[in-house]
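Protein chains get the first letters and strands the later ones, always in sequence-line order, with residue 1 at the start of each.
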There are 2 protein chains.
Amino acid sequence: MDCINSHDTVFKHLTKEQREMLNEQKSCKSYKKGSEIYQEGSRTNGLYCINEGIVKIYKTGIDGREQIIYFAKSGDIIGYRSILSGELACSSAKTIQDSTLCFIPGDMLISLIKNNGDFALDVLQQSCKELGEANSYITDIAQKTVRERLAEVLIKLKENFDIDENNELQISLTREELANIVGTATESVIRLLSEFKQDQLIDLKGRKIRLINIKKLEKISNAFG
Amino acid sequence: MDCINSHDTVFKHLTKEQREMLNEQKSCKSYKKGSEIYQEGSRTNGLYCINEGIVKIYKTGIDGREQIIYFAKSGDIIGYRSILSGELACSSAKTIQDSTLCFIPGDMLISLIKNNGDFALDVLQQSCKELGEANSYITDIAQKTVRERLAEVLIKLKENFDIDENNELQISLTREELANIVGTATESVIRLLSEFKQDQLIDLKGRKIRLINIKKLEKISNAFG
DNA sequence: CGTGTCGTTGATCCTCGTCAAACGTTGTGG
DNA sequence: CCACAACGTTTGACGAGGATCAACGACACG
């Protein structure tokens, strides 16, 4: 995907000139699976748009345990928060697949926001959406059981990432990563996945997870309304 | 506080004309303690700036249990997220003291963002800061114990709200509200507060909480670095 | 003086985190 | 190419943290 020229990204309202300027200033790069893009606590002086691949955004907590906040995929932008809030990065970013990312300098971002109101609104929309999701996440973790949250995570992975014709999630995560999304121990994830499998809700083949009974999973995840 | 003319709010970079326009369009109102400002799931067609008082921002989860996301105080703006993300409100807002709030129509907000790049940046800064805090919150709830989180909440209340010369928190919260910030049961908060009192970390007089040993509380809360 | 809300305490139960051990898989270097 | 290390997955056993339920006291308010 060519983020900057796509009509599906935050850059959709740029003028032709702005696009050209951006194309000049950006620098794209390939990253192997597992590469650090930026680190919590560092000063990021630009943002990245994801051309291809998946990047996990996470914080490091107690004992260095990861808490995964979300996954960014093709067309998403990451790393912009710290520039705009004027704080240090509050999270780290690491590729979980081979990926291609474009770097855009921070002053370019600021200048675009100042000079293009529609772009400013699009960036605001992006950050406000993330904020809404974060708020839901807080409530979920605070109130739902691990079982409910795991079911929810599976549903969300299905909604946000590719799935093949058999409802098999194409995103490949370790059990530990799943645990770090849900906010629980690796062993708990393993046990619950086995349960789900026994209950014919999912099927497991190594890291491949196939969703069989989505309705039931939603019911488990839901607890709300 | 006169939010719109203060140099300490998101409105600091408005032009004189914009201030005047805003002052015409805004409508200020007093609210009794416990008044609903807006409700989760509703369409807010404007934002509120808080002139005086404290507003709790919360989501309603399982069994209608509240999860308090944060408290907004004098000078803060609330309700802008839903306008900018184009979604329904993801949280509810209710005053916990008698308060005065000014309402500013949504199209006014949009027009200011489009026409004043510095204002757009200030709003972005606001939303990005909230986003950073939300991310920390997620990690905390997922990884810390209730004890650690309660200590942390006490510290944060001290930092964000008035405190008298005796380190007594001036914000008055019910035990249930405290529990709904920490994300636990009311009984757990009560038990832990008693423990903290026994350990000479705090003193309790009804809803008044006086912090005695802040260093120790920080140590308990911390767990991180 | 009842009624409702809030705070407190005790008893009990269960979810989930932790520790330990075993096994499969992947990767690396000699 | 094999040996070994390092890592990921799985299962079992155990215990602690914290949720839930129940009962009662404190207090304000009409």
Next on the checklist: From CD1 of A/I141 over to P of C/dT15, roughly how many Å is that when rounded to an integer?
Outcome noted: 20 Å
Checklist outcome for this item: The nucleotide from D/dG18, C/dC6, D/dG8 with an atom nearest the side chain of B/S188 is D/dG18
Checklist entry - So does B/R147 reach the base of D/dG18 with its side chain, donor to acceptor, closer than 3.5 Å? => result no
Checklist entry - Nearest-Å distance, CG (B/L192) to C1' (D/dG17)? => result 10 Å
Checklist entry - How long is the line joining CD of B/E195 and P of D/dA16, in whole Å? => result 15 Å
Next on the checklist: What is the distance, to the nearest angstrom, from the NZ atom on A/K205 to the C1' atom on D/dT9?
Outcome noted: 18 Å
Next on the checklist: Does a side-chain N or O of A/T186 approach OP1 or OP2 of D/dT9 to a distance below 4.0 Å, or not?
Outcome noted: no
Checklist entry - Any salt bridge between A/E66 and A/K59, counting N to O under 4.0 Å? => result no
Checklist entry - Which part of the nucleic acid, if any, lies within contact of A/T145, taking any heavy atom under 4.0 Å across all strands shown: a base, the sugar-phosphate backbone alone, or nothing? => result sugar-phosphate
Next on the checklist: Quick check: any donor-acceptor pair below 3.5 Å linking the side-chain of A/E187 to the base of C/dC19?
Outcome noted: yes
Checklist entry - If you check every side-chain atom of B/R207, which of D/dG8, D/dG18, C/dG7 has the closest atom? => result C/dG7
Item to check | B/K205/B/E168 ion pair, N-O < 4.0 Å | outcome: no
Next on the checklist: Tell me whether A/R175 contacts the main-chain N or O of A/E187 through its side chain, where contact means a donor paired with an acceptor under 3.5 Å.
Outcome noted: no
Checklist entry - Any N or O donor-acceptor pair linking the side chain of B/R65 to the base of D/dT20 at under 3.5 Å? => result no
Checklist entry - Separation of A/K208 atom NZ from C/dT25 atom C1', in whole Å? => result 17 Å
Item to check | Presence of donor-acceptor pair under 3.5 Å, side chain of B/R175 and base of C/dT9 | outcome: no
Checklist entry - Atom CD of A/E177 and atom P of D/dT9: how far apart are they, to the nearest Å? => result 9 Å
Next on the checklist: The side chain of A/T174 is closest to which nucleotide in this list: D/dT9, D/dT11, C/dG17?
Outcome noted: D/dT9
Checklist entry - Per the atom types in the model, does the base of D/dG12 pair as donor or acceptor with the side chain of A/R191 at under 3.5 Å? => result yes
Checklist entry - Is there less than 2.5 Å between the SG of A/C49 and that of A/C3? => result no
Checklist entry - Whole Å only: how far is the CG atom of A/L193 from the C1' atom of D/dT11? => result 14 Å
Checklist entry - How many Å lie between CD1 on A/I190 and P on D/dC7, as a whole number? => result 17 Å
Item to check | Side-chain ion pair, A/E130 and A/R81, N-O less than 4.0 Å | outcome: no
